[in-house]
Protein chains: 2
Amino acid sequence: MAHLTVSVEYAIHSLLWLVDAETAPLSSRDLADFQGVSPSYLAKIFPKLEKAGIVKASEGVRGGYELARAPEDINFLQIVDAIEGRKPLFDCQEIRGRCAAFGELPPTWATRGVCSVHAVMLRAEKAMRETLAGASLRDLTQAVSRKAPPEFANDVKAWLGERVLRRAGKSSSSARLSSHGEDLS
Amino acid sequence: MAHLTVSVEYAIHSLLWLVDAETAPLSSRDLADFQGVSPSYLAKIFPKLEKAGIVKASEGVRGGYELARAPEDINFLQIVDAIEGRKPLFDCQEIRGRCAAFGELPPTWATRGVCSVHAVMLRAEKAMRETLAGASLRDLTQAVSRKAPPEFANDVKAWLGERVLRRAGKSSSSARLSSHGEDLS
DNA sequence: CATAACACGGATAATATCACTCCGCGTTTG
DNA sequence: CAAACGCGGAGTGATATTATCCGTGTTATG
Ligand code: FES
Ligand code: FES
């Protein structure tokens with residue numbers, strides 16, 4: 001867990017829209033266009049979530065992704081680990097064994113167990129991971145719905161629903177897909 | 001605080017030897033050779049600790065560094081911030097404002113305050129920082145002295161004392177500087 | 001059956017950071 | 001004055017991040 005990259009931001013925000021999605025599954029392209037991020041990059045992120053068992057993929061046309069578990073069983077730590085691959089916060093180089101006060105090879109007491117400096121870093125990483133594990137996708141959707149006005153959920157479903165209809169070939173109703181007057185050139 | 005780099009490991013281990021150092025000040029070169037790390041790289045780290053007020057520098061020959069405060073008043077968080085420069089754990093790109101359900105510019109409720117995803121990351125970073133702030137340099141020296149045999153402290157002082165004598169020009173007694181039979185070619 | 005829209009993986013490139021080296025300058029001791 | 005310091009800037013190779021493009025396989029639709 002070296003650093004929380006933008007891939008994590010893309011992933012969590014994408015998963016947010018998969019919760020309560022009526023028009024499932026949603027393609028990575030749909031989610032990218034909806035959020036205004038790079039489609040090709042988001043397409044590289046979802047296979048990681050799928051291998052971690054967080055989302056379920058369906059192939060072929062009309063395929064896409066849906067949540068593999070209930071949103072209360074998906075937490076931030078699982079998402080971060082799925083994407084960043086369990087990299088440690090601190091990468092100990094075992095300085096302690098190269099002390100010149102030792103001869104060629106250090107005594108056993110010096111290299112046994114975890115270095116006291118490293119132990120503090122491990123505690124810090126554990127505190128961070130526990131905080132991430134304590135935040136579920138369900139908590140996130142509740143926080144968002146407290147913030148957004150009630151009609152926003154309908155706008156989202158209208159936009160995504162229009163997307164699904166359009167790629168189904170029925171590309172007749174191409175205007176007025178959102179109550180905010182969005183059009184795509 | 002993007003990632004705890006090896007510079008942090010070098011810094012904390014170096015500061016460890018500055019606690020209870022009888023032959024003060026110690027040069028960055030002394031500390032690097034003693035620990036078996038790159039002298040030129042460690043020399044780039046100490047000015048950061050000096051600007052943070054953790055360490056006090058003396059210039060000229062026989063100069064070097066000593067702790068600027070008592071070791072119980074120096075914690076891991078101060079050292080990490082001094083070296084990594086307060087970089088955040090998570091760099092929010094404000095994805096939420098680019099949602100296609102909004103028109104050209106997003107409504108105020110969507111961009112006001114901190115994003116709910118970002119808020120979780122800030123809590124995780126806070127938990128990590130509090131753990132780091134709870135570990136002082138004094139705690140570290142106590143943990144090390146519990147681990148090392150009592151004669152080790154004498155070995156360290158002998159090696160560093162010999163180093164100070166040698167660069168003082170009195171380079172006659174160059175052998176048998178450690179009870180482990182260390183010699184430097 | 002042909003096509004188009006998917007997922008998936010590999011290759012590539014631009015940018016940034018990291019670990020590290022080298023140099024020159026000013027300061028201080030002997 | 002010379003040697004040993006601290007200090008700052010420039011530069012280098014390795015790696016990671018962000019992003020794009022392409023090819024392969026799968027599946028629904030016409
Ligand atoms: S040897 Fe790596 S942190 Fe001490
Ligand atoms: S917009 Fe950056 S974390 Fe939500």
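Chain A is the first sequence line, chain B the second, and so forth, proteins listed ahead of strands; every chain is numbered from 1. Hydrogens, waters and symmetry mates are skipped; everything else that's a heavy atom, side chains included, is used.
- Tested against K157(B) for a salt bridge (Lys or Arg N to Asp or Glu O under 4.0 Å), the candidates E22(B), E151(B), E162(B) yield a single pass: E22(B).
- Of all the residues in residues 8-22 of chain A, not one reaches under 4.0 Å from DNA chain C with any non-hydrogen atom.
- The side chain of S27(B) lies closest to dG6(D), out of dG6(D), dC20(C), dT20(D).
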Subject >> Chi angles and distances behind the ring pair (Phe, Tyr, Trp, His ring centres under 6.0 Å) call for F102(A), F152(B) >> reply: CA-CA 9 Å; F102(A) 310 143; F152(B) 178 62; 5.5 Å; yes
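- Comparing atom distances between the S40(A) side chain and each of dT18(D), dT20(D), dC20(C) picks out dT20(D) as nearest.
- Within the 3.5 Å criterion, the main-chain N or O of Q93(A) finds a donor-acceptor partner in the side chain of E9(B).
- Side chain of R129(B) to main chain of A124(B): no donor-acceptor pair is present (N/O by atom type, distance under 3.5 Å, no hydrogens or angles).
- Using a distance-only test at 3.5 Å, with no hydrogens or angles considered, a donor-acceptor pair links the side chain of D139(B) to the main chain of S136(B).
- Residue T5(A) has no polar side-chain atom (N or O) positioned under 4.0 Å from OP1 or OP2 of dA16(D).
- Residue side chain K44(B) does not reach the base of dG6(D) through any donor-acceptor N/O pair under 3.5 Å, judged by distance alone.
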Any N/O pairs under 3.5 Å between the protein and nucleotides 25-27 of chain C? List them or say none.
from, atom 1, to, atom 2, distance (Å)
dT27(C), O4', E59(B), OE1, 3.3

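- For the OP1/OP2 pair of dA5(C) and a distance below 4.0 Å, the side-chain nitrogens and oxygens of R29(A) include no atom meeting the criterion.
- No side-chain N or O of S38(A) forms a donor-acceptor pair with one of Y10(A) less than 3.5 Å apart.
- Between Y65(B) atom OH and dA4(D) atom P the separation is 17 Å, expressed in whole Å.
- The listed nucleotides are dC7(D), dC8(C), dT21(C); the one nearest the side chain of P47(A) is dC8(C).
- If you check dG30(C), dT21(C), dA7(C) against the side chain of R62(B), the one that comes closest is dG30(C).
- Ion pairing of E84(B) with R86(B) is absent here, as no side-chain N (NZ or NE/NH1/NH2) approaches a carboxylate O to less than 4.0 Å.
- Listed by first and then second residue, the side chain to side chain donor-acceptor pair (under 3.5 Å) pairs involving residues 107-124 of chain B amount to none (not counting sequence neighbours).
- Taking every side-chain heavy atom of S38(B) into account, dC20(C) is the closest of dT18(D), dC20(C), dC8(C).
- In this structure, CG of L31(B) is placed 15 Å from C1' of dA4(D), rounded to the nearest angstrom.
- Between S58(B) and the phosphate of dT28(C), there is no side-chain N or O to OP1/OP2 separation shorter than 4.0 Å.
- For the pair D91(A) CG and dA14(D) P, the interatomic distance rounds to 19 Å; values are reported in whole Å.
- Proximity of Y41(B) to the phosphate of dC22(C): no side-chain N or O atom is located under 4.0 Å from OP1 or OP2.
- Distance alone, capped at 3.5 Å, places no donor-acceptor pair between the R138(B) side chain and the E72(B) backbone.
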